[in-house]
Amino acid sequence: MLDIKFLRDNLELAQQQLATRGSAINLADFQQLDQRRRELLGKADTLKAEKNRVSALIGKTKDKSLVKDEIGRMKEVSTQIKDLDEQLRTTNEKLQNILLTIPNLPHENCPVGLSEDDNVKVRTWGSIREYSYTPRAHWDIGEELDILDFERGGKLTGARFTLYKGAGARLERALINFMLDLHTEQHKYVEMLPPFMVNRDSMTGTGQLPKFEDDLFHVEGPDYFLIPTAEVPVTNIHRDEILAAEQLPLCYTAYTPCFRKEAGSHGRDTRGLIRQHQFNKVELVKFVVPEESDHELDNLLANAEHVLQLLELPYQVVDLCTADIGFSATRTFDIEVWLPGQNVYREISSCSNFRDFQARRAAIRYRPEEGAKTEYVHTINGSGLAVGRTLLAILENYQQEDGSVVVPKVLQPYMGGLERITGK
RNA sequence: GGAGAGGUGACCGAGCGGUUGAAGGUGCUCGCCUGGAAAGCGUGUGUAGUGCAAGCUACCGAGGGUUCGAAUCCCUCCCUCUCCGCCA
């Protein structure tokens, strides 16, 4: 959420900046509702002050017959207040609705662009292997080795669900443990294991609601949603809290499954593990002071890249342009891993600085110093990494001509010493 | 699922329907004391909205209601804890 005062005073500027994302804000409605809200608030507050003053007077008067008129008048005033409060409530609701659907302003260093074609490649890492044959796609490798079963995943649930088997299941688990160990032991993140369902307030706090409800799985019964990323529960850990400056930065990592409807991507990436309704992810989340957020995003990005470096998977880093960053983000770097089976780089991590956008929605504040006013923290997060995509990248990059897959060195201890997956 | 208890400020914990934004304590701030510290003494210490400002308003789990006036009374919901049952 943007600062309402900033918006009030800088509507033109905000509009220009939002335009670079390709989204417009409703200037007229916002201004009108904002003004109406303040008018109503002024009236209501004046009446409430009057009511409080006279009521105190009535309280002090022993002989109530002396204040009969006042009591009658206050009855009247109370009714007016109730009416104003009701108008205020609906006005506020409308205003909030507008505010909650305006995306974040892009970071001043975020490259301006019209589409994903304008994203800027920042660097590449690792060297791409040469193959003496045409590299196979992971779905073929997985099925041949009998470690991925797409057919039965579909039978059990439906499209975009996969059954992992034997060394495949173990590899997924090994990756989760490897990533968590790396981030906790070397990068000093604190591990969290949050609920996989959250309520509406949490989804609103990080920006999924109210705008993107169609992308979420909602459970029957209580008003809960399956999380689309650990970002949601982990960021909301500190919702409605005031943190001490000394606590910051807070760095958390969490493994969770993620559930996404993938509405609007019918027919895309229908084969394999790329786009699933349920996938595993290890997430990195930071709460930092505003001055540090740019720098901390770089660190978080480096932490995510470190995973790929240790796994020796080639990748590139891309600076997303204004048209391609997400609703809540000011700046986003994607890490794209090389997939020889498809001859492309594919996103495996997305690292973003949200500045105070989520913090304002979720009321996550801190006190810069003793006695100072509270300020919103900046939140940062990124995948470290998407586990399913990491697994498929390993299958494709470590495939051998005989159909087997070599297990990356760093994962072998997590695989009971297994050096190569050879199938049956 | 059944029975009971409770949700108040950073924390603990009072609170008769009216001068309670909220006693008291802990913690923390600053000052005194001290060679220095501890102890002790004094002082200050909520969040947010709105207004040029003085100020005003709101908030004692959430939402309704009664009343001139509600942290205090009534209703609904949520959450926590204890016991019983069931269960991974």
Side-chain angles (χ1 to χ4, degrees), chain A residues 1-9 30-100 193-205 209 218-225 233 236-248 250 257 287 356 358-377:
Chain A
M1 194 158 64
L2 300 179
D3 181 6
I4 188 166
K5 285 179 200 153
F6 171 83
L7 208 54
R8 192 181 290 154
D9 300 334
F30 168 78
Q31 275 187 322
Q32 195 225 321
L33 286 167
D34 178 48
Q35 193 168 351
R36 173 147 177 76
R37 183 184 85 93
R38 284 185 291 163
E39 277 169 20
L40 288 168
L41 202 59
K43 281 186 198 164
D45 280 2
T46 308
L47 286 179
K48 283 176 187 174
E50 165 83 352
K51 183 195 78 175
N52 288 344
R53 196 177 56 78
V54 176
S55 289
L57 225 63
I58 293 171
K60 277 188 208 148
T61 311
K62 292 278 187 295
D63 184 354
K64 300 298 185 218
S65 64
L66 295 175
V67 288
K68 256 215 146 75
D69 292 352
E70 267 76 11
I71 291 180
R73 215 175 90 239
M74 285 310 105
K75 203 167 199 151
E76 205 59 22
V77 168
S78 268
T79 312
Q80 290 176 39
I81 289 173
K82 205 165 281 181
D83 180 52
L84 283 169
D85 275 346
E86 178 58 24
Q87 292 182 54
L88 202 52
R89 200 185 58 75
T90 56
T91 306
N92 236 329
E93 213 164 84
K94 286 182 200 161
L95 192 61
Q96 281 301 310
N97 259 327
I98 291 178
L99 244 31
L100 285 174
L193 184 59
F196 301 159
M197 290 183 212
V198 298
N199 58 32
R200 211 164 265 277
D201 285 344
S202 294
M203 283 295 184
T204 306
L209 289 181
H218 186 259
V219 303
E220 194 146 334
D223 192 17
Y224 298 157
F225 298 87
N236 278 281
I237 288 172
H238 294 297
R239 173 152 51 81
D240 295 319
E241 290 184 16
I242 300 172
L243 305 166
E246 315 84 79
Q247 290 179 265
L248 303 175
L250 285 169
F287 302 81
D356 61 3
Q358 293 181 327
R360 180 171 284 110
R361 286 174 162 247
I364 309 169
R365 293 155 291 172
Y366 79 106
R367 203 178 299 284
E369 49 190 283
E370 190 65 38
K373 253 182 88 68
T374 60
E375 280 180 37
Y376 291 106
V377 301

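Every value quoted in this text rests on a predicted model; they were computed, and no experiment measured them. Only this structure's heavy atoms are used, side chains among them; waters, hydrogens and symmetry mates stay out. Chain identifiers are assigned alphabetically (A, B, ...) following the order of the sequence lines, protein sequences preceding nucleic acid strands; residue numbering begins at 1 within each chain.
Which of rC68(B), rU47(B), rU50(B) sits closest to the side chain of Arg365(A) comes down to rU47(B). Residue Ile242(A) places its side chain closer to rU47(B) than to any other of rC68(B), rU50(B), rU47(B). Comparing rG46(B), rG69(B), rU50(B) by their nearest atom to the side chain of Lys5(A) picks out rU50(B). The nucleotide whose nearest atom lies closest to any side-chain atom of Ser55(A) is, among rC79(B), rU47(B), rG69(B), rG69(B). Comparing rU57(B), rU47(B), rU50(B) by their closest approach to the side chain of Arg37(A) singles out rU50(B). Of the candidates rC56(B), rC68(B), rU47(B), rU47(B) carries the atom nearest the Arg367(A) side chain, counting heavy atoms from C-beta on. The side chain of Lys48(A) sits closest to rU57(B) out of rA70(B), rG46(B), rU57(B).
Heavy atoms of Lys82(A) sit under 4.0 angstrom from primed sugar atoms or phosphate atoms, though from no base atom. Across all strands shown, Thr46(A) has no heavy atoms under 4.0 Å from either base or sugar-phosphate atoms. Nucleic acid contact class of Ile58(A) (heavy atoms, under 4.0 Å, all strands): base. Counting non-hydrogen atoms under 4.0 angstrom, Arg360(A) reaches nothing in the nucleic acid. Among the protein residues, Ala49(A) comes within range of the sugar-phosphate backbone only, with heavy atoms under 4.0 Å from sugar or phosphate atoms but none that close to a base.
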Per-nucleotide pairing state of RNA chain B [Watson-Crick or G-U, under 3.5 Å; [ ] pseudoknot-crossing; | other strand]: ((((((((.[[[..)..(.....]]]((.(((.......))).))(((((....))))).[[[[[..)....]]]]])))))))....
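Ionic pairing of Lys43(A) and Asp83(A) is not present here: no N-O contact between side-chain nitrogen and carboxylate oxygen is shorter than 4.0 angstrom. We find that Arg89(A) and Glu86(A) are joined by a salt bridge, their nearest charged nitrogen and carboxylate oxygen being less than 4.0 Å apart. The residues Glu76(A) and Arg73(A) are annotated as not salt-bridged, no charged nitrogen and carboxylate oxygen being separated by less than 4.0 angstrom.
Contact between the side-chain N/O atoms of Thr374(A) and the OP1/OP2 oxygens of rA48(B) is found at a separation under 4.0 Å. OP1 or OP2 of rU50(B) lies within a sub-4.0 Å distance of a side-chain N or O belonging to Arg8(A). Under 4.0 angstrom from either OP1 or OP2 of rU19(B) there lies no side-chain N or O belonging to Asn52(A).
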Test side chain to side chain donor-acceptor pair (under 3.5 Å) applied to Asn199(A) and Ser202(A), step by step: CA-CA 6 Å; Asn199(A) 58 32; Ser202(A) 294; 3.3 Å; yes
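Comparing the same atom, C1', in rU72(B) and in rG4(B) gives a spacing of 23 Å after rounding to whole Å. As rounded to the nearest Å, rC59(B) and rA5(B) have P atoms that lie 28 Å from one another. For rC30(B) and rU80(B), the P atoms lie 39 Å apart once the distance is rounded to whole Å. Spacing of C1' atoms, rG13(B) relative to rG6(B), comes out at 14 Å, to the nearest Å. Look at the C1' atom in both rU8(B) and rA23(B): the space between them is 12 Å, to the nearest Å.
In this entry the distance linking CG of Asp34(A) with P of rG49(B) reads 13 Å, nearest Å. Taking atom CG of Asn92(A) as the reference point, atom P of rG63(B) lies 13 Å away to the nearest angstrom.
What you find for Arg37(A) and Leu88(A) is that their closest heavy atoms are O-CD1, 3.5 Å.
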